[in-house]
Amino acid sequence: MVTSQDCLNKYGKPENQNNMIVWTVPPTIQIKTVPQKIYCNKDMLVPLSKAFFNLIEQGIQDELKTWDGCFNIRKKRGLTSMSLHSWGIAVDVNAAWNGLNQKPTLSPKFVKCFIDAGFEWGGTWQRLDGMHFQLKSI
Ligand SMILES: [Zn+2]
């Protein structure tokens, strides 16, 4: 799993916002609930493009009900280490139905679209975080 130390080593301090870009999502992979411009790490472009493409190809893009953010400098909720959102390499979706320590409601097919695109899912962690996807490697 990518750690906050890995991110510090590669990107530096979150405050510097190194490697962050405003990504304009190409029209062919736009999903109506996802912003057309996403402020994220440049390392997210390929995996996130793939994830959106997979959702559309599978015809399940409507399962993405809410986009709950990418870049956000903060600690992991209730913990001391920094969340990978601090470096813009994590996204949250459908937060209202996939709260921390709650049984995730995302379909296996939906999750697979992200896994196949290079993400790790928080819904299998001991501390369930079903809304959360982060890059599997950087
Ligand atoms: Zn998250």
Side-chain angles (χ1 to χ4, degrees):
M1 189 190 299
V2 177
T3 66
S4 51
Q5 188 61 52
D6 295 332
C7 293
L8 275 172
N9 294 345
K10 179 161 186 187
Y11 306 123
K13 290 182 178 168
E15 292 76 14
N16 297 341
Q17 303 188 28
N18 292 333
N19 303 100
M20 295 295 295
I21 56 157
V22 178
W23 178 45
T24 302
V25 182
T28 51
I29 53 167
Q30 281 176 8
I31 294 173
K32 66 178 188 293
T33 45
V34 175
Q36 289 182 9
K37 289 182 189 296
I38 300 174
Y39 189 58
C40 62
N41 193 297
K42 68 172 176 51
D43 288 350
M44 287 285 266
L45 264 60
V46 171
L48 211 45
S49 296
K50 279 186 190 163
F52 293 162
F53 177 85
N54 290 345
L55 290 172
I56 292 166
E57 193 186 42
Q58 293 290 316
I60 55 170
Q61 66 269 38
D62 288 350
E63 284 188 34
L64 207 170
K65 297 187 193 317
T66 61
W67 181 258
D68 299 291
C70 175
F71 179 71
N72 183 4
I73 300 178
R74 61 172 172 79
K75 294 193 162 105
K76 289 179 184 163
R77 282 161 291 170
L79 302 174
T80 53
S81 58
M82 294 300 287
S83 162
L84 299 199
H85 285 285
S86 305
W87 291 274
I89 60 162
V91 299
D92 292 330
V93 300
N94 294 9
W97 308 275
N98 293 279
L100 197 61
N101 288 321
Q102 287 169 12
K103 191 172 181 287
T105 62
L106 296 177
S107 74
K109 216 171 163 183
F110 184 99
V111 172
K112 189 172 186 299
C113 287
F114 276 81
I115 301 290
D116 289 349
F119 288 88
E120 171 175 350
W121 182 43
T124 55
W125 294 347
Q126 191 169 12
R127 185 170 171 272
L128 292 171
D129 194 358
M131 71 180 78
H132 182 93
F133 292 94
Q134 65 183 43
L135 290 186
K136 192 179 169 68
S137 60
I138 58 171

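FYI, side chains are in, hydrogens and waters are out, and symmetry mates aren't considered; it's all heavy atoms of this structure. Counting from 1, the numbers follow the sequence of the chain as shown. Since this is a predicted model, take the numbers as computed values, not measurements. Read the numbers this way: they start at 1 and go in the same order the structure lists the ligands and their atoms.
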Q.
Tell me which pairs pass side chain to side chain donor-acceptor pair (under 3.5 Å) where either residue lies in residues 46-57, with sequence neighbours left out.
A. none
Q.
Run the side chain to side chain contact (heavy atoms under 4.5 Å, CB included) test on L106 and V93 for me, step by step, so that the C-alpha distance in whole Å, both residues' side-chain angles and the decisive distance to 0.1 Å come before the verdict.
A. CA-CA 9 Å; L106 296 177; V93 300; 4.3 Å; yes
**Q.** Neighbour count >12 (heavy atoms, 6.0 Å) for atom CZ, F53
**A.** no
Q. Does any donor atom in the side chain of S83 or K76 lie under 3.5 Å from an acceptor atom in the other side chain?
A. no
Q) Under a 4.5 Å cut-off applied to non-hydrogen side-chain atoms, are V91 and F71 in contact? A) no
Q: Run through the protein N/O/S atoms less than 2.8 Å from the Zn ion (ligand 1) and write them out by chain and number.
A: H85 NE2, D92 OD1, H132 ND1
Q: Kindly give the heavy-atom pair with the smallest separation between L64 and F52, and that separation in Å.
A: CD1-CE2, 4.4 Å
